[in-house]
Amino acid sequence: MAVPKRRMSKTHVAKRRTHYKVSLPTPVKDKDGSYKMSHRVNPVTKEY
């Protein structure tokens with residue numbers, strides 16, 4: 001089993017974790033021209 005030789009500092013761990021960011025979901029244009037979130041039912045046309 002791999003074991004690190006030295007303890008990682010708090011700064012080193014924090015710098016690694018800065019790359020995990022949440023991106024905002026982008027709406028897609030529906031058949032009727034309105035925008036909706038992907039993989040959701042359109043409230044107007046009741047289509048998926």
Side-chain angles (χ1 to χ4, degrees):
M1 187 171 143
V3 179
K5 285 209 178 236
R6 293 177 186 264
R7 182 178 179 203
M8 294 171 97
S9 67
K10 294 176 197 172
T11 307
H12 186 276
V13 173
K15 283 181 182 178
R16 185 185 72 232
R17 289 180 181 164
T18 60
H19 302 291
Y20 299 123
K21 290 187 173 67
V22 177
S23 60
L24 293 173
T26 55
V28 292
K29 200 167 197 177
D30 207 11
K31 292 177 185 175
D32 62 350
S34 62
Y35 285 94
K36 70 176 189 86
M37 302 307 293
S38 60
H39 303 285
R40 302 288 192 284
V41 176
N42 187 339
V44 179
T45 60
K46 305 293 189 224
E47 289 183 354
Y48 179 70

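Numbers for residues simply follow the sequence, beginning at 1.
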Quiz: residues 34-41 side-chain donor-acceptor pairs under 3.5 angstrom, not counting sequence neighbours:
residue: Ser34; atom: OG; partner: Asp32; partner atom: OD1; Å: 2.8
residue: Lys36; atom: NZ; partner: Arg40; partner atom: O; Å: 2.9
residue: His39; atom: ND1; partner: Tyr48; partner atom: OH; Å: 3.2
residue: Arg40; atom: NH1; partner: Ser38; partner atom: O; Å: 3.3

Check: Residues in side-chain hydrogen bond (donor to acceptor under 3.5 Å, both in side chains) with His12, at least two apart?
Finding: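 Once residues adjacent in sequence are excluded, His12 has no partner under the side-chain hydrogen bond (donor to acceptor under 3.5 Å, both in side chains) criterion.
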Notebook entry, point to check: For Val13, which fellow cluster members are found when Ile, Leu, Val, Met, Phe, Trp and Tyr are connected by side-chain heavy-atom distances below 4.5 angstrom, either directly or through intermediates?
Noted result: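 Its cluster partners, ordered by chain and number, are Met8.
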Next item on the list: Output all residues satisfying side chain to side chain contact (heavy atoms under 4.5 Å, CB included) with Ser23, sequence neighbours left out; order by chain, then residue number.
Entry: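 Here no residue qualifies.
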